[in-house]
Amino acid sequence: MPGLGPDQDLVTRMGIRILEATPQRLVATMPVDGNRQPYGLLHGGASAVLAETLGSVGAALHAGEGRIAVGIELNATHHRSATSGLVTGTATPLQLGRTLASYEIVITDEQDRRVCTARLSCLIRDAG
């Protein structure tokens with residue numbers, strides 16, 4: 001899959017499973033277990049990893065053959081905590097251009113409550 005090379009240790013370590021991937025919509029799950037901060041809540045950095053993974057894969061799919069996408073800006077607002085189960089990230093494009101792709105990523109808990117909203121911008125350029 002574009003954007004996920006053979007060395008995808010962080011995606012594997014975080015337990016991220018990509019369920020759907022097109023330039024127009026990406027969906028993945030991630031377990032809360034193993035991705036908590038010391039107070040037992042889903043770590044905000046884990047949400048950021050899920051968001052950047054989805055947006056980067058989407059931008060790479062949009063970029064196409066012979067081009068690469070690299071994240072240049074990520075922001076995240078954490079709305080509520082998650083303490084167990086799976087969270088689901090859904091990424092949709094805000095802008096898909098020739099040199100820039102931006103995605104909104106909404107992360108929800110198993111009760112479909114919004115845990116985090118993130119935005120990722122990726123620079124698209126020729127490979128090499």
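Across all their heavy atoms, Cys116 and His78 have their closest contact at SG-ND1, 3.7 Å. Summarising the geometry of Ala69 relative to Ala59, their closest heavy-atom pair is CB-CB, 3.6 Å, with the distance given to 0.1 Å. Across Ala82 and Val32, no two heavy atoms sit closer than the pair O-CG1, 3.8 Å.
Contact annotation: the side chain of Val49 approaches that of Ile16 to within less than 4.5 Å [non-hydrogen atoms, C-beta and beyond]. Residues Arg119 and Asn75 have side chains in contact (heavy-atom distance under 4.5 Å, counting atoms from C-beta outward). Under the 4.5 Å side-chain criterion, counting only non-hydrogen atoms from C-beta, Leu42 is in contact with Val87. Put simply, the side chain of Arg125 does not reach to within 4.5 Å of the side chain of Thr99, judged on heavy atoms. Using a 4.5 Å heavy-atom cutoff, the side chains of Ile105 and Leu120 are in contact.
Atom CZ of residue Arg25 and atom CG of residue Leu54 lie 10.5 Å apart, to the nearest 0.5 angstrom. Within the model, atoms CZ of Arg114 and OG1 of Thr77 stand 10.0 Å from one another, a figure rounded to the nearest 0.5 Å. A distance of 4.5 Å separates CD1 in Ile107 from CG in Leu50, rounded to the nearest 0.5 Å. Here the straight-line distance linking atom NE2 of His62 with atom OH of Tyr103 works out to 7.0 Å at 0.5 Å rounding. In this structure, Cys122 SG and Ile72 CD1 are separated by 7.5 Å, a value rounded to the nearest 0.5 Å. Here Arg98 contributes atom CZ and Arg67 contributes atom CZ; the two are 6.5 Å apart, rounded to the nearest 0.5 Å.
Hydrophobic cluster membership differs between Val106 and Ile18, with clusters built from Ile, Leu, Val, Met, Phe, Trp and Tyr side chains linked at under 4.5 angstrom. One hydrophobic cluster holds both Val11 and Leu74 under the rule that ILVMFWY side chains link at heavy-atom gaps under 4.5 Å. Under the 4.5 Å side-chain contact rule for hydrophobic residues, Leu123 and Ile68 share a cluster. No chain of hydrophobic side-chain contacts below 4.5 Å, direct or via other Ile, Leu, Val, Met, Phe, Trp or Tyr residues, connects Val27 to Val115. Hydrophobic clustering, with ILVMFWY side chains joined whenever heavy atoms are under 4.5 angstrom apart, groups Met30 together with Leu10.
Applying the salt bridge (Lys or Arg N to Asp or Glu O under 4.0 Å) test to every pair with at least one member in residues 29-58, sequence neighbours left out, gives these pairs: Asp33-Arg36.
Checked against side-chain contact (heavy atoms from CB on, under 4.5 Å), Gln111 has the following partners two or more places apart in sequence or in another chain: Asp109, Arg113.
Other members of a hydrophobic cluster containing Ile124 are absent, since no ILVMFWY side chain comes under 4.5 Å of it, directly or through relayed contacts.
No hydrogens or angles considered: a donor-acceptor pair under 3.5 Å links the side chains of Ser121 and Ser102.
Judged by distance alone, with hydrogens and angles left aside, the side-chain atoms of Asp112 form no donor-acceptor pair with the main-chain N or O of Thr108 at under 3.5 Å.
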